2 protein chains.
Amino acid sequence: MSPIGTRAHNLALALRHVAENPGAISRAGISDRTGLNRSTTSSLVDELIGGGLVREAGATTRSGVGRRGTALALRTDGPAGLGFDVAAEHAAACVVDLTGRVRFCRTAAGGRRAVGRLARSAVAAIGDAGLTLCGTEVAAGVADGLAGLRLPDAGRPVVLDSEANFAALAEDELLRAGESYLYVSGGHDIGAGLVVDGRLYRGRHGGGGDIGHVRVDPDGPACRCGRRGCLEQYAGPLALRSGPLDRAGTALGGVLAGYLNLLDLDRIVLGGIYRDLTPWLAPEIDRAIGAQFRGTRRARPEISAATYGAEAPALGAARAAVREVLADPLRWLTRFAG
Amino acid sequence: MSPIGTRAHNLALALRHVAENPGAISRAGISDRTGLNRSTTSSLVDELIGGGLVREAGATTRSGVGRRGTALALRTDGPAGLGFDVAAEHAAACVVDLTGRVRFCRTAAGGRRAVGRLARSAVAAIGDAGLTLCGTEVAAGVADGLAGLRLPDAGRPVVLDSEANFAALAEDELLRAGESYLYVSGGHDIGAGLVVDGRLYRGRHGGGGDIGHVRVDPDGPACRCGRRGCLEQYAGPLALRSGPLDRAGTALGGVLAGYLNLLDLDRIVLGGIYRDLTPWLAPEIDRAIGAQFRGTRRARPEISAATYGAEAPALGAARAAVREVLADPLRWLTRFAG
DNA sequence: TCAGTTTTGTTGCCGCGGCCAACATAAAAC
DNA sequence: GTTTTATGTTGGCCGCGGCAACAAAACTGA
């Protein structure tokens with residue numbers, strides 16, 4: 001059995017082109033870019049419109065001779081992705097529509113104790129906006145942080161992953177551009193989310209991505225993990241408050257340089273508490289990378305600040321949920337069929 | 001247009017099951033495991049048999065009531081994968097059949113000057129064995145090392161990649177098991193080939209995988225690259241001859257530990273000149289990894305010696321070539337159609 | 001103004017290929 | 001022998017993509 005049938009594949013293909021050219025592509029445009037026949041494209045688009053994922057949006061503007069096409073766009077009153085971020089001291093919930101636009105976003109103190117309240121508000125917001133929940137994903141440090149929580153789930157399993165991974169998935173522009181980047185998130189732990197060619201790398205067992213205890217200097221300061229010279233002692237929140245930023249940047253850059261020699265990435269994205277420190281951290285990180293980088297045939301990666309701040313993990317989780325609909329619209333279209 | 005049509009996908013699916021259960025699976029068995037209808041499976045297998053990829057091999061042995069199935073196996077007189085390894089001082093050529101078995105393997109001194117002679121011998125061996133060349137892949141340090149070389153090419157583009165990447169692809173058992181591992185190859189350069197879930201990770205621009213100049217100690221010895229304390233100065237061939245092995249193991253382990261915190265791998269494979277030193281290197285590497293490893297929810301990766309020695313890159317390149325046929329048998333079946 | 005040209009979207013038909021049901025075959029159980 | 005169970009093949013159905021023809025909508029040029 002095919003992992004995804006031809007029809008499902010082509011529906012996703014058509015839908016992706018609509019998502020990437022909202023209001024600016026017609027059936028014929030999809031046909032041109034996909035190589036599918038115009039009649040096939042018409043049939044696919046009709047099905048997407050019938051299922052409430054796509055709408056017609058006037059005529060395409062185009063100079064020159066010939067009939068104008070019918071512009072297509074994603075509907076913003078269809079599926080809603082729901083994302084949570086559950087940490088020790090705070091929690092957040094976020095709702096996005098099919099275009100990835102934020103329709104609800106709220107943060108609360110109290111960690112997992114606040115989740116129930118946030119969930120009720122989010123579900124109310126989904127209803128008020130005329131949306132329909134399509135999936136729930138949750139950023140959480142540890143899986144058992146979820147045990148006992150009852151989350152609205154759209155009849156599908158709730159997806160769990162790390163904060164850094166979901167925060168990496170909030171970077172819509174980079175994902176759409178198919179970039180390869182490492183999202184480095186500063187916080188109580190130092191997390192990393194690796195994206196290759198616009199797709200999240202998940203370790204085999206969902207482990208990995210925890211780089212706070214990579215050793216920077218065997219003779220460095222003692223760490224709470226019982227060892228010495230961990231990255232956290234240079235670039236963790238305590239170290240950032242008490243130490244100079246250039247020391248943190250150098251330590252981070254040294255660790256990242258090792259990754260860049262192995263992995264061939266386009267970009268380092270600084271998130272979490274690093275985001276607002278980017279102007280001070282980036283030069284030192286860049287210098288440290290330059291001291292080890294050996295790219296004879298590739299450009300040195302850019303270093304940039306994350307687009308979103310504290311809300312990034314919840315937002316990324318919500319966007320990941322709607323991206324599942326974009327990746328396999330047929331499942332959404334037949335969700336009542338069984 | 002689908003990247004690979006339904007028929008092509010199902011042919012590959014059926015063929016993969018034959019490859020993974022040689023001589024021990026029937027049409028009905030494929031049908032059971034794939035979910036495809038028995039009639040569909042019959043049609044697929046007939047096409048694979050007609051194209052010379054699969055043969056019937058007696059009856060399956062099974063206890064209990066019912067008719068015995070017809071056992072299926074890969075043919076060993078069909079497509080041949082041709083792999084080269086072109087280095088500065090030596091070169092190698094390798095031929096494998098569809099099962100991945102080595103049918104020809106020869107090494108020569110002289111680097112790229114020896115390639116023409118090796119190629120002629122390999123092509124002769126392919127003919128003598130009644131095989132048909134299906135693809136050529138080449139392990140080479142730099143792409144321009146290939147400029148001007150005329151290689152037998154089966155009418156398809158010659159694939160180029162690093163020695164470490166191809167050596168990683170020679171590990172058939174690990175690939176089949178879907179393991180995630182980093183193949184570390186010691187040599188003039190220290191290369192690394194990353195395999196995730198049985199699939200080779202290729203950087204965006206084919207860069208990466210060159211870890212010889214990751215910094216181990218900023219105050220370390222000067223390196224030919226102009227910087228100080230590079231891994232090569234601890235674990236390169238010169239350092240291995242003059243220095244103690246435990247120092248090399250510790251340096252390697254330190255670098256690998258950084259990767260393991262990020263990547264969540266099952267295994268480190270030691271290849272190249274490290275392969276035969278594994279008994280001495282592995283304990284130190286393991287110790288150094290243990291000093292930084294933070295796997296609360298995953299096992300510490302195993303460290304093992306590569307299955308093959310100097311012939312690994314050429315063998316891996318040859319196996320990669322036949323794997324293309326296994327991945328898309330329809331292209332092989334229709335190779336004369338255009 | 002109106003035919004000619006170009007582009008868009010729809011409709012009817014064909015064919016590939018997967019699924020289903022029925023049947024022939026082979027081996028064991030009774 | 002008959003019955004039961006598993007394997008492999010055959011014929012027919014149908015979903016869905018491609019093709020060709022046509023209608024519709026815009027511009028171009030006498």
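Keep in mind the model is a prediction, meaning the values are calculated, not measured. So that the names make sense, note that chain A is the first sequence line, chain B the second, and so on, each numbered from 1. Hydrogens, waters and symmetry mates play no part in the numbers below; they use all other heavy atoms, side chains included.
- Residue-level contact check: T41(B) touches neither bases nor backbone, having no heavy atom under 4.0 Å from any strand.
- Note: NE2 (H9(A)) to P (dC16(D)) measures 15 Å, nearest angstrom.
- Atom-to-atom, CZ of R27(A) to P of dT11(C) comes out at 11 Å; the value is rounded to the nearest Å.
- L13(B) places its CG atom 11 Å from the P atom of dG18(C), with the value rounded to the nearest Å.
- Using a 4.0 Å heavy-atom cutoff across all strands shown, S31(A) reaches no nucleic acid atom at all.
- Of the inter-residue distances, the one linking D266(A) atom CG with D264(A) atom CG reads 7.0 Å to the nearest 0.5 angstrom.
- Residues R27(A) and E56(A) have side chains in contact (heavy-atom distance under 4.5 Å, counting atoms from C-beta outward).
- Rounded to a whole Å, the CZ atom of R68(A) is 22 Å from the P atom of dA23(D).
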Apply side chain to side chain donor-acceptor pair (under 3.5 Å) to the pair R7(A) and S43(A), showing each step before the final yes or no. CA-CA 10 Å; R7(A) 185 68 173 181; S43(A) 153; 2.7 Å; yes
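- With contacts defined as side-chain heavy-atom distances shorter than 4.5 Å, the pair I25(B)/I30(B) qualifies.
- Remark on the helix from dT1(C)-dA30(D) to dC30(C)-dG1(D): inter-end axis angle 10°, axes from five-pair C1' superpositions, rounded to 10°.
- Side-chain to base pairing of R67(B) with dT7(D): one donor and one acceptor N or O lie within less than 3.5 Å of each other.
- Between R7(B) atom CZ and dG15(C) atom P the separation is 18 Å, expressed in whole Å.
- Atom-to-atom, CG of N10(A) to P of dG15(D) comes out at 17 Å; the value is rounded to the nearest Å.
- Using a 4.0 Å cut-off on heavy atoms, the residues of residues 53-65 of chain B that approach DNA chain D are R62(B), V65(B), listed by number.
- In this structure, CG of L11(A) is placed 12 Å from C1' of dG17(D), rounded to the nearest angstrom.
- Considering only heavy atoms from C-beta on, E324(A) comes within 4.5 Å of R156(A) through its side chain.
- Nearest to the side chain of L44(A), among dG17(D), dG9(C), dA28(C), sits dG17(D).
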Identify all pairs in which a protein N or O lies below 3.5 Å from an N or O of nucleotides 19-22 of chain D, and state each distance.
{"unit_1": "dC19(D)", "atom_1": "N4", "unit_2": "S39(A)", "atom_2": "OG", "d": "2.7"}

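- Residue I30(A) contributes atom CD1, which lies 18 Å from atom P of dT7(C) at whole-angstrom precision.
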